[in-house]
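Just below is one structure, and these are the notes that go with it.
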Amino acid sequence: MISFALGELGISDINYMYDMSFAEFQIRLFAYERIQLKEWEKVRFIAYSATIGSHQDPKKLPRTIDK
């Protein structure tokens, strides 16, 4: 489980993780969360575009991407 989480954070060596400070680990974690948020925004935009582009009743469509 640890090796999977380290790979997602871009850490290839477990010894490097042990040498990191907690602040550096937090910075990497915040960057990972920001990247994941951007990926979900892309997915949400694609799903919204697919819904709007189809031939559906416009009254039933969501008004914004967030909904």
- Query: Can you hop from M20 to Y18 via hydrophobic side chains spaced under 4.5 Å?
  - Reply: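 Yes; tracing contacts between hydrophobic side chains, which count when under 4.5 Å, links both residues.
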Between side-chain atoms of residues 21-28 and protein atoms elsewhere (two or more places apart, or another chain), which donor-acceptor pairs fall under 3.5 Å?
from: S21; atom 1: OG; to: E24; atom 2: N; distance (Å): 3.3
from: E24; atom 1: OE2; to: Y16; atom 2: OH; distance (Å): 2.8
from: R28; atom 1: NH1; to: L9; atom 2: O; distance (Å): 3.3
from: R28; atom 1: NH2; to: Y16; atom 2: OH; distance (Å): 3.4

- Query: What residues join W40 in its hydrophobic cluster, counting side-chain heavy atom gaps under 4.5 Å, either direct or through other members?
  - Reply: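 Its cluster mates, by chain and number, are V43.
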- Task: Just do the side-chain contact (heavy atoms from CB on, under 4.5 Å) check on Y32 and Q36 with the steps written out, would you?
- Result: CA-CA 6 Å; Y32 175 75; Q36 290 299 310; 3.6 Å; yes
- Task: Quick one: list whatever passes salt bridge (Lys or Arg N to Asp or Glu O under 4.0 Å) with E39, sequence neighbours left out.
- Result: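 For E39, the residues satisfying salt bridge (Lys or Arg N to Asp or Glu O under 4.0 Å) (neighbours in sequence not counted) are K42.
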